[in-house]
Amino acid sequence: MNATKLIALVLIAGGALALIYGGFSYTQDSTAVKLGPLELTVKERKTVNVPLWAGIGAIAVGGLLLVMGGRKG
């Protein structure tokens with residue numbers, strides 16, 4: 001399998017996951033207060049929404065790469 005087909009499959013899978021889940025979330029640790037040896041950290045949950053057009057676009061570009069990647073001109 002060459003690199004073009006691998007990239008195409010990753011784009012298609014990523015686009016499908018973006019359409020299914022619509023985004024992802026992660027936890028970010030940040031220091032709120034630091035007084036000498038004492039430190040207060042806060043865990044903040046952030047959500048990143050993936051637009052619908054980005055998922056569809058990734059699938060379309062991946063499909064084009066998969067179809068056109070095998071052709072040599």
Side-chain angles (χ1 to χ4, degrees):
M1 180 180 293
N2 60 12
T4 306
K5 287 185 180 180
L6 182 64
I7 292 171
L9 291 176
V10 168
L11 281 172
I12 291 170
L17 288 174
L19 290 178
I20 292 170
Y21 292 110
F24 61 93
S25 62
Y26 63 96
T27 304
Q28 180 180 13
D29 292 335
S30 60
T31 303
V33 176
K34 190 171 185 180
L35 285 169
L38 297 175
E39 186 175 305
L40 178 64
T41 59
V42 177
K43 291 186 178 187
E44 187 177 355
R45 186 177 176 114
K46 296 191 175 189
T47 303
V48 177
N49 294 323
V50 178
L52 182 65
W53 61 265
I56 294 171
I59 292 173
V61 169
L64 285 173
L65 279 176
L66 196 60
V67 171
M68 302 301 264
R71 297 182 182 175
K72 294 184 179 181

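Interatomic distance, Leu40 CG to Thr31 OG1, rounded to the nearest 0.5 Å: 8.5 Å. With values rounded to the nearest 0.5 angstrom, Met68 atom CE is found 12.0 Å from Thr4 atom OG1. Here NZ of Lys46 is found 4.0 Å from CD of Gln28. Values are rounded to the nearest 0.5 Å.
Just one of Leu17, Val48, Thr47 meets the side-chain contact (heavy atoms from CB on, under 4.5 Å) condition when paired with Phe24; it is Val48.
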Begin with the C-alpha distance, continue with both residues' side-chain angles, and end with the deciding distance and a verdict on side-chain contact (heavy atoms from CB on, under 4.5 Å) for Leu66 and Lys5.
-> CA-CA 6 Å; Leu66 196 60; Lys5 287 185 180 180; 4.2 Å; yes
Under the side-chain contact (heavy atoms from CB on, under 4.5 Å) criterion, do Leu11 and Leu65 qualify, and how do the steps go?
-> CA-CA 9 Å; Leu11 281 172; Leu65 279 176; 4.0 Å; yes
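In this structure, a donor-acceptor pair under 3.5 Å is absent between the side chains of Thr27 and Arg45.
Of all heavy-atom pairs between Val42 and Ala32, the closest is CG2-CB, 3.6 Å. Closest approach of Ala18 to Gly55, counting heavy atoms only: CB-CA, 4.0 Å. When every heavy atom of Ala58 is checked against every heavy atom of Gly15, the shortest pair comes out as CB-CA, 3.9 Å.
Note: the hydrophobic cluster containing Val61 also contains Ile7 (ILVMFWY, side chain heavy atoms under 4.5 Å, direct or indirect links). Linking Ile, Leu, Val, Met, Phe, Trp and Tyr residues whenever their side-chain heavy atoms come within less than 4.5 Å leaves Leu38 and Val33 in two separate clusters.
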